[in-house]
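Chain A is the first sequence line, chain B the second, and so forth, proteins listed ahead of strands; every chain is numbered from 1. Both backbone and side-chain heavy atoms feed into the values below; hydrogens, waters and symmetry mates do not.
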Amino acid sequence: MPENCVETSLLHREYANKDFFGRVKSTVTALHELDISVKYGELFGIIGPNGAGKTTTIKILSTLLLPTSGTARVLGMDVTRDLYRIRKNIGIVFGGERGLYNRVTGFQNLMYFSDLYGVPPSVSRKKVPELIEMVGLTGRENDKVEKYSRGMKQRLHIARALVHDPPLLFLDEPTIGLDPAGSRDIRQIINDLKKAGKSIILTTHYMFEADELCDRIAVISKGRLVALDMPSGLKKQVKDITLAEVHVYGDATPLIESLKSIENVSRVFSDMTGDRTIVRIQTPDGSDVLEQAKSAASRLNLKIIESSVKEPTLEDAYLRMVEE
Amino acid sequence: MELNIRRALFEGYRALIGSLRFGSRGTIIWDSWDMWLLEIIILPLAQISFFEILATYANYSPAMVQYVVIGNAIQTMSFSSVFAVANITSSDKWQGTLPSILLTPASRASIIMGRALYQIIMSTLISTTGLLYAYFLFGVNFSSANYLFLAVSLLLTSISMISFGLLISTIGLYMRTAMIVANVFLFIGLLVCGVNFPISELPVWLRPLSYVIPLTYGLDAVRLSIAGAGFYAVGIYLLYLVIDGLAVFSMALLLTKTFERLARKSGRLEIY
Amino acid sequence: MSSGEVSRVQVVKASMILTARNFFADPQWVIPSIIAPFVFTLVSLFLFSHVNGPILLYAVLGGGMMGMWGTTVYGSGSSIGFDRWNGTLECTLSAPTPLMWIVLGRVIWNTLEGSINALFILAIGFLWFRVGIGIADPGLFAISTIITFLSLSAFGLLLANIVVLSRKGGFLTNGIEIPVYIATGTMFPIGLLPFFVQGFSFALGPTWGIDAIRKAAIAGYTGLPVSIYVDLLVTVLATVVYMALSAYFFTKVEKIAKRNGTLGDY
């Protein structure tokens with residue numbers, strides 16, 4: 001078995017705008033020569049602004065869309081040729097309200113999709129209740145989907161993608177529009193799926209979610225891959241925006257002046273609130289600089305009330321990458 | 001009831017221009033060019049043909065076959081006067097625009113009239129096409145027709161039928177089923193309004209429906225105009241038509257207000 | 001990793017059951033598709049009530065046929081649209097099953113739904129117009145009905161394709177209903193039609209199907225000048241041709257769907 005469950009090479013997709021007579025007026029590049037590979041058992045994140053090409057990538061990999069050029073192999077098969085064999089072995093979850101038959105029950109939805117995926121009825125009769133249990137819908141499976149809350153629908157949606165027990169899952173913004181508790185449930189389910197050995201490709205707009213869940217993250221902007229690394233690696237790229245913070249009583253002007261002379265400090269700024277001054281120091285070496293700041297303060301007889309180092313978040317990294 | 005005629009006319013003009021301009025983009029299902037073709041050219045021809053051949057096969061006299069042809073030529077206006085009008089509120093609901101329209105301070109009557117004006121033109125056009133078919137393809141005798149009476153009858157039938165369509169459409173404000181009701185009333189006239197056979201052949205329990213739907217009187221007026229009847233003979237049916245049209249229109253306005261209040265109470269404006 | 005083909009029978013059955021469940025969740029939606037055949041049949045019965053002989057049974061059978069056709073055309077026109085409207089189009093397209101079999105399941109249910117209307121029309125004919133429902137040859141009648149039913153479904157399948165491919169779904173589904181009532185001879189012999197329309201009639205399976213049904217039901221009925229077995233043979237042939245054409249068109253539809261990513265624009 002190859003090491004990667006997904007491999008793309010120079011994957012490219014353009015959309016053509018046609019005029020009334022079918023002539024191509026202009027083309028829009030949705031995806032520009034993308035090269036990514038996803039290992040078996042990996043939880044791989046794709047993040048990027050709206051219109052960056054995330055959904056286009058997912059659609060190509062899940063055989064719903066043909067690439068304009070380049071190749072993509074999913075589970076060792078070519079997405080342009082081995083259509084039905086790939087589909088039998090992948091599950092897709094779309095976020096949002098769509099994707100379920102509202103007038104029939106959750107159970108009936110799952111049985112229907114089991115049939116469409118060719119799961120033998122003897123298997124699905126056992127499997128479907130298990131899935132309902134797994135996504136926490138036991139007791140509500142015989143209610144019509146239109147009576148479900150948004151979060152329940154999304155959990156049912158995940159169960160739907162699992163009826164044929166696929167080794168590879170695509171989750172396209174699975175927590176979009178959910179309340180915090182609903183999102184947490186979904187993240188818990190995703191974690192369980194990863195533990196069960198599924199390979200997962202996830203797109204999301206929530207950076208803490210990507211940070212929490214993903215083994216590796218691809219950042220896509222304007223159709224191009226701008227970064228691909230583990231969450232910690234991505235955050236390292238914005239190490240310079242680490243903030244060391246000290247709160248002191250009284251006039252901090254001499255402290256600020258002395259801090260500016262420390263090596264590696266790019267900016268110092270301060271805020272007076274009440275009787276204290278908050279001094280923020282932007283630097284790549286947060287803890288080192290914080291120690292120096294503390295000793296400088298004691299030399300100047302300034303009392304430190306509290307101090308901390310704020311490491312950059314994935315969001316900081318993301319914003320820098322997509323804004324460049 | 002306060003009715004600003006100038007504003008109503010202005011709204012009507014805007015609705016007309018708006019419908020013509022945006023029709024081709026399919027904002028209202030019945031207003032793209034192919035739907036026009038269907039509504040005005042194809043469906044009337046298909047329907048008249050069906051019943052003309054049927055009447056011939058049932059051994060009807062040539063006069064009765066002509067009766068059937070004229071009846072269907074006029075009834076086809078139901079596509080735009082009843083079906084399309086009754087669907088207006090449900091398509092507003094569908095597109096989620098109903099709450100924003102009801103939020104505008106414009107009077108209900110002027111909104112309704114603005115929309116109706118466009119449908120009056122369509123309905124008259126459809127029935128006129130139907131009568132052209134009757135003359136050129138089905139050999140209906142127009143030699144003694146009084147064209148002035150005929151034009152007035154057609155116009156008044158269109159207006160009254162649109163009032164009836166509005167009555168049906170108000171149900172859409174309150175129920176999920178405006179589409180279903182619209183479909184039923186698109187065809188029910190064929191049975192109960194004396195389109196294919198006189199209403200005297202209907203069972204008595206169905207006749208009240210015949211007397212409510214303005215098409216019944218409109219058809220009498222149209223047939224008499226084509227037969228060249230005098231002013232009083234046609235006039236009496238035109239009078240019935242106007243009275244029925246006004247009654248139906250007042251009922252529609254009353255129900256609109258009632259249903260709007262009920263809908264606001266139960267929060268049904270958004271659901272479909 | 002699983003491979004191997006998905007059973008088509010399983011898919012058709014599942015799709016049929018789901019469509020049925022959707023129907024029973026809100027059965028009043030059958031009304032738009034059966035109101036035209038229902039009213040047309042009632043009007044026909046009124047017009048025929050002056051005529052002697054077995055013409056009422058003739059009309060009632062034709063009405064049943066119109067009822068099935070009404071739901072077929074309505075259901076076919078909305079077969080893909082239903083998923084688009086419901087937001088399930090992508091999930092349906094991403095299943096490892098050719099779309100054709102999913103749609104076939106839906107079309108079969110829609111035709112069945114029309115049979116409910118046919119029975120209703122039969123009941124009205126019997127109770128209101130006192131139509132005698134004596135079937136001359138029940139066995140042949142049953143066979144003819146089933147074969148006609150299948151040919152209507154196949155026709156509906158073909159139509160579902162054309163609706164998707166042509167972008168003019170509303171035009172087709174609203175515009176084809178009454179012309180087919182006329183062309184297939186539901187209420188009067190096709191001999192009464194202009195010559196060029198008759199050519200079209202003979203290409204339609206249901207024309208031969210309804211002729212077979214009437215020959216089996218009404219003793220002494222003449223209809224088309226061929227034996228009932230020829231009628232049935234032609235109906236079966238037409239069904240096969242519709243299925244083959246559908247298969248061809250569905251490949252095209254799926255190609256378009258994949259090239260554009262969705263059928264959403266259609």
Query raised in the report: Taking every heavy-atom pair that is under 4.5 Å apart, which of C:F48, C:F46, C:Y181 has the most such pairs with chain B?
Result: C:F46

Requested in this report: Examine whether an atom of C:S33 lies under 4.5 Å from a heavy atom of chain B, and if so say whether it belongs to the side chain, the backbone or both; otherwise answer neither.
Outcome: neither

Report task. Over 60° means perpendicular and under 30° means parallel, so classify the ring planes of B:W205 and C:W128, tilted if in between. Result -> tilted

Query raised in the report: Using non-hydrogen atoms and a limit below 4.5 Å, what part of residues 34-43 of chain C faces chain B?
Result: C:I35, C:A36, C:V39, C:F40, C:L42, C:V43

**Report entry** Closest non-hydrogen atom pair, C:I182 against B:S49
**Finding:** CD1-CB, 3.9 Å

Report task. Tell me, yes or no, whether the heavy-atom count around C:F120 atom CZ, taken from other residues, nucleotides or ligands under 6.0 Å, exceeds 12. Result -> no

Query raised in the report: For C:Y221, does the OH atom have more than 12 heavy-atom neighbours from other residues, nucleotides or ligands under 6.0 Å away?
Result: yes

Query raised in the report: Is any side-chain heavy atom of C:H50 closer than 4.5 Å to a side-chain heavy atom of B:Y60?
Result: yes

Requested in this report: Count the heavy atoms belonging to other residues, nucleotides or ligands that lie under 6.0 Å from OH of B:Y135, then report whether that count exceeds 12.
Outcome: no

Report task. Show the numbers, then the answer: is there a side-chain contact (heavy atoms from CB on, under 4.5 Å) between C:I31 and B:V184? Result -> CA-CA 8 Å; C:I31 293 174; B:V184 169; 3.6 Å; yes

Query raised in the report: Is there side-chain contact between B:I53 and C:L193, with heavy atoms separated by less than 4.5 Å?
Result: yes

Query raised in the report: Could you give the distance from CG (B:L54) to CZ (C:F188), rounded to the nearest 0.5 Å?
Result: 6.5 Å

Query - Rounded distance (nearest 0.5 Å) linking atom CE of B:M64 with atom CG of C:L47 - result: 7.5 Å

Report task. Take atom OH of B:Y237 as the centre, draw a 6.0 Å sphere, and report whether it contains more than 12 heavy atoms from other residues, nucleotides or ligands. Result -> no

Query raised in the report: Do the non-hydrogen side-chain atoms of C:V51 and B:Y57 ever get within less than 4.5 Å of each other?
Result: no

Query raised in the report: What's the spacing between C:I178 CD1 and B:F50 CZ if we round to 0.5 Å?
Result: 8.0 Å

